[in-house]
2 protein chains.
Amino acid sequence: MDRRQQKTRAAVFRAFSTLLSEKSYSKITVQEIIDTANVGRTTFYAHFETKDDLLKALCKELFDHIISSAADCTHTHGLYSDGNAPESVFCHLLQHLQEDENNILELLSCESSEIFLRYFKDSLNELIQDQFVDQNRKTNTGIPRDFLVNHISGSFVEMVLWWIKGRRKQAPEELDRYFRAVIEPIL
Amino acid sequence: MDRRQQKTRAAVFRAFSTLLSEKSYSKITVQEIIDTANVGRTTFYAHFETKDDLLKALCKELFDHIISSAADCTHTHGLYSDGNAPESVFCHLLQHLQEDENNILELLSCESSEIFLRYFKDSLNELIQDQFVDQNRKTNTGIPRDFLVNHISGSFVEMVLWWIKGRRKQAPEELDRYFRAVIEPIL
DNA sequence: ATAAAAAAGAACAAAATGTTTGTTATCGAA
DNA sequence: TTCGATAACAAACATTTTGTTCTTTTTTAT
């Protein structure tokens, strides 16, 4: 991709992120975004159709590689299959989040975090779904597999939100222990 | 409250709900709302400061009494304390939702459901928090009580969303059984 | 019946949206 | 280095949306 495009794209993303940490998504205008990013109006619309479109693009940018990194993790060892090894997918994800290469955590703690959270969960859900199909787990209790997958991805995302709101006092490894405690009994 | 105020308030809420089932929150304009509700522009702004304000008001309107009804439920018997009696709070909540006095479920299945979901979870969280404090539960495993409360409310809300997206094939009682299966092991 | 309160309607400035046009700067490849 | 392609820019634009202000009409509670 053209260097110029990369530059403006990054500038818009950065501006948007900054604004999101200041005010709610619905109150942010395209005008503010282009002012903050210091790009022309035409340029913005050449890259994104609408503000919603920009939001989706940012979600994709932020979560796609963290998820694919986690996917690699599940391919070598399963979700939690290797006993209590620190290489569980969930621990991996949490560590990845804490490193905060971009400002994912800032976005997940902003006023409009629900939007990003939802995207995150949907991605995670697919990941776990695949894992469950691979291992051909049986639900001995008559609980639908689908339900369990949703329960795990949902719980994880809600945990992350709890973690962030509580100012991330726990280390990823400790959080992983909590998660294990509430999830393993049902696997 | 004045009958006229009630009428316009209801009309605006209804219009807003209708629009939410058609398009995303961010694409809805005040203009559309007042057109659909058939109220004057001045009238709208006399009731609500902004579109966001309207959203909050609708959330409050919809969830507050369903939550307080659930709160009554926890005061007579606990969360799940009476063994497998159908009077568990969660079953109560699900039944309440299914009856769908207003159109809560329609809103929870709309494109912008995250917003309502978040409000729902926060309310639920308080409810469970109180219950946990009352019963003075001990966390024998070193898992913070706070974490468990969040896990329960989070899981519940994610379950509801799963239920709705799957077109509500299960009866509340069956869903309650699922939820029991994933939550009771950790209580 | 009457005073108070609420809704409607019209009209308004200010701001935001999305598009068009022509110009300038930058890129990547020859 | 040159050159064609492409991206960014600036300015201007019609259109829509926003939020407010006024007056007039209707409805309410007592």
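Residue numbers start from 1 in every chain, and the chains themselves are labelled A, B, ... in the order their sequence lines are given, proteins ahead of strands.
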Does [N] have OP1 or OP2 under 4.0 Å away from a side-chain N or O of [X]?
X: A/Q31; N: C/dA16; answer: no
X: A/T42; N: D/dA8; answer: no
X: A/R3; N: C/dG28; answer: yes
X: A/H47; N: D/dA8; answer: yes

Atom-to-atom span, [atom1] of [X] to [atom2] of [N] - whole angstrom:
X: B/I34; N: D/dG19; atom1: CD1; atom2: P; value: 11 Å
X: A/K27; N: D/dT17; atom1: NZ; atom2: P; value: 18 Å
X: B/I28; N: D/dT17; atom1: CD1; atom2: C1'; value: 15 Å
X: A/E49; N: C/dT19; atom1: CD; atom2: C1'; value: 14 Å
X: B/D53; N: D/dT18; atom1: CG; atom2: P; value: 14 Å
X: B/L54; N: D/dG19; atom1: CG; atom2: P; value: 12 Å
X: B/R9; N: D/dT27; atom1: CZ; atom2: P; value: 22 Å
X: B/F44; N: C/dA6; atom1: CZ; atom2: C1'; value: 16 Å

Self-check item: Heavy-atom donor-acceptor pair, B/W163 side chain to B/Q170 backbone, under 3.5 Å
Solution: yes

Quiz item: With no hydrogens and no angle check, do the side chains of A/T43 and A/T8 hold a donor and an acceptor under 3.5 Å apart?
Solution: no

Practice problem: Assign the ring pair A/F63 / A/F116 to parallel, tilted or perpendicular, where the plane angle (0 to 90°) is split at 30° and 60°. | Solution: tilted

Quiz item: Reckon B/N38 touches a base, only the sugar-phosphate, or nothing at all at heavy-atom distances under 4.0 Å?
Solution: sugar-phosphate

Quiz item: Base, sugar-phosphate, or nothing: which does A/T8 touch, judged by heavy atoms less than 4.0 Å apart?
Solution: sugar-phosphate

Self-check item: Carboxylate-amine/guanidinium proximity below 4.0 Å for B/R14 and B/E106
Solution: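 Salt bridge absent between B/R14 and B/E106.
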
Quiz item: Are the charged groups of B/K56 and B/D52 less than 4.0 angstrom apart, N to O?
Solution: no

Quiz prompt | Most 5' of B/Y45 and A/G40 on DNA chain D, judged by nearest nucleotide | solution =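 Nearest-nucleotide comparison on DNA chain D picks A/G40.
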
Quiz item: Toward the 5' end of DNA chain D, which comes first, B/K51 or B/M1, by nearest nucleotide?
Solution: B/K51

Exercise. Look at the side chain of B/R41 against the base of D/dG19 and say whether a donor-acceptor pair falls under 3.5 Å; ignore hydrogens and angles.
Key: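 Per atom types, the contact qualifies.
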
Quiz item: Between C/dA7, C/dA16, D/dT18, which one does the side chain of A/T29 approach most closely?
Solution: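 That would be C/dA16.
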
Practice problem: Go through C/dA8, D/dT27, C/dG18 for me and flag the one nearest to the B/R4 side chain. | Solution: D/dT27

